[in-house]
Structure formats: structure tokens, C-alpha cells
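Working notes, structure below.
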Amino acid sequence: MRRVSENRLTLGQLTRATGLARSSLLHYESLGLLVPAGRSAAGYRLYGEAELERLRAIRRFRDAGLSLAAIRDLLDPRKAPSTGEMAQSAELLESRLLDLCRDVERLRGQQRLLARLLASAEFRAGPSCRSKADWVELLRRAGFNEEDMLQWHTDFEADSPAEHATFLRSLGLAPDEVAAIRQQSKPRKA
């Protein structure tokens, strides 16, 4: 890669160095997130190490799911990193973390519901759920761990005990194993 100068990259070189699209870099510039360090004699934008570091920070924040507006606030060069502003930045990151936790819980609920639908009589004849091993493998591929599977059985048993028992029998389980799973799935009293 030919550099315009020892410490400066053109826009094309910056796209190759960062893996970001030219349009993304220009969009960041239009939002004030990225400012070229200067221009070449021919008018080309030039970027240095500080801009590369700023792009790395932008990517980290984007990978964390922050909006470009939030990133602009976090990286505003006009703000000195005072204690109050650092606290605001931490609050923004904490807020995003809590939003993600709520999203994960919502998605986990959808995941449990989908597994419950697959266990219902109308979908049980599907190709991937003919045995206990098949069912456990499907749930594992979906990201369920032992605790998640137990919670799924507990919810199923609490909502529809007869359907839960029918589902367990449909997996080819012996009556004593069905009884044991159902007993283990009973809600615990505090």
C-alpha cells in the first residue's frame, strides 16, 4: 500500500486499513464523527493515527450496538473528559447494557415459546423431534443449557401438564422417566 506520506492515509487507504466502506467513512464525516487530519496538495482527504484510533473506537461502540448519535456524544472532541461527562458516558453505556438485557430476556421468552410450539401436537411430527436425544440436541443448538431446559419443562408442566406428559411420551420415554421429568419440573415452593 502506497502512503501519501509517512503518517497519512488517503480515504481509499483508510478504507482498506479499517475494512470500512468509503460511504461509511464519508457518512461519519458528515455527522462530525470523523474529521480528516488535513488535505493533500491535490485536495485528497488525509488521515493519521488519531483518526485510525477514533475509527477503532467508533467500531467498538457500533459493535456494542450504540447509535451513531450516541457515539457522537461520547466522542465529542469539544468536550473535555470531566468527571461529570465521564459519568454521563458511563450512564449511556449502562443504559445500553440494560437495554440488551431486556432484549435478551424478550428473545429468551420467544425462544421458549417456539420450543413449546414445536412440542405441541400439531408440530410434533416434524423431522427433528422424534426422540429425547433429537429434542435435547435441537434445544442445545438453539442455545439452551441445562437450566434453560429445566425452566422450559417447568413452564410447560405449569401451563399444560397433560400436554407436557403427552409430549414426553411422544419422545419414546418410558413411563417412569416421564414421571421423573414431570416431578423435577414441578414449581419449587419457597
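Index from 1, following the sequence. Here the structure is a predicted model, which is why all the values come from computation and not from measurement.
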For this session: May I ask you to decide whether Arg56 forms a salt bridge with Glu49, counting only side-chain N to carboxylate O separations under 4.0 Å?
Result: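 Salt bridge between Arg56 and Glu49, a charged N being under 4.0 Å from a carboxylate O: yes.
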Exercise. Do Asp148 and Arg112 sit within salt-bridge range, that is, some charged N less than 4.0 Å from a carboxylate O?
Worked result: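 Salt bridge between Asp148 and Arg112, a charged N being under 4.0 Å from a carboxylate O: no.
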Exercise. If you measure from NE2 on His27 to CG on Leu33, what distance do you get to the nearest 0.5 Å?
Worked result: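 CG of Leu33 is found 8.0 Å from NE2 of His27.
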Problem set entry | Atom pair CG/CG of Leu114 and Leu118 - distance to nearest 0.5 Å |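 Output value for this atom pair is 7.0 Å.
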Exercise. Taking it one step at a time, do Glu51 and Arg45 satisfy salt bridge (charged side-chain N to carboxylate O under 4.0 Å, His left out)?
Worked result: CA-CA 12 Å; Glu51 291 75 32; Arg45 294 170 176 83; over 6 Å; no
For [X] against [Y], the heavy-atom pair lying closest together:
{"X": "Ser185", "Y": "His153", "answer": "OG-CB, 3.2 Å"}
{"X": "Leu46", "Y": "Ser40", "answer": "CD1-N, 3.5 Å"}
{"X": "Arg116", "Y": "Asp155", "answer": "NH1-O, 4.2 Å"}
{"X": "Leu9", "Y": "Ala17", "answer": "CD1-CB, 4.3 Å"}

Problem set entry | Arg96: partners by salt bridge (charged side-chain N to carboxylate O under 4.0 Å, His left out), with sequence neighbours left out |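 Per chain and number, Arg96 pairs via salt bridge (charged side-chain N to carboxylate O under 4.0 Å, His left out) with no residue.
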For this session: Just say parallel, tilted or perpendicular for the rings of Trp135 and Phe167, cut-offs at 30° and 60°.
Result: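 Ring orientation of Trp135 relative to Phe167: perpendicular.
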For this session: Would you please test Asp99 and Arg102 for salt bridge (charged side-chain N to carboxylate O under 4.0 Å, His left out) and show each step?
Result: CA-CA 5 Å; Asp99 287 345; Arg102 285 187 289 275; 2.4 Å; yes
Problem set entry | Neighbour count >12 (heavy atoms, 6.0 Å) for atom CD, Gln110 |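 Yes - once you tally the heavy atoms of other residues, nucleotides and ligands closer than 6.0 Å, there are more than 12.
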